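For reference, the structure discussed in these notes is given below.
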Amino acid sequence: MRQLKPLALLVAVIRGIGQVDFMAGPRTGLVFLGALFVGGRRHGLYGLPGSAAVTLTAAPTTFFAPFGGHPPTWPFVLVTWAFLAAVPAFAPLRRAG
């Protein structure tokens, strides 16, 4: 796997934030990041590491190639599988009232 330079990683994270609205440009990402901070400092601070985690998880494209699918969707697929595997543990839960 090739190494990411810090500036290239920062641009990828910013582009990832803009990709929420299918506009993966760095300017759009900065606008969205600004909007997150306008909504609350906590939202902006959570958005940055969230986007960084997805960007770094999607980096090993060659690892996920044999399984098919689009590599950036794999974090969501893995979390969904984890929740589906945990469904039997939620069966004893009942609604109060």
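Numbering starts at 1 and runs along the sequence shown. Computed from a predicted model, the values in this text were never measured in an experiment.
Closest of all the heavy-atom pairs between Gly29 and Ile17 is O-CG2, 3.8 Å. Minimum heavy-atom separation, Pro26 to Val11: CB-CG1, 4.5 Å. Residues Leu48 and Val13 come closest through the heavy atom pair O-CG1, 3.9 Å.
Shown here are the side chain to side chain contact (heavy atoms under 4.5 Å, CB included) partners of Arg41, two or more places apart in sequence or in another chain: Phe37, Leu45.
By the rule that hydrophobic residues join a cluster once side-chain heavy atoms approach within less than 4.5 Å of another member, Leu33 and Leu10 end up as members of one cluster.
Other residues sharing a hydrophobic cluster with Phe83 under the 4.5 Å side-chain heavy-atom criterion for ILVMFWY residues are Val79.
Remark: Thr28 OG1 to Arg15 CZ distance equals 10.0 Å, nearest 0.5 Å.
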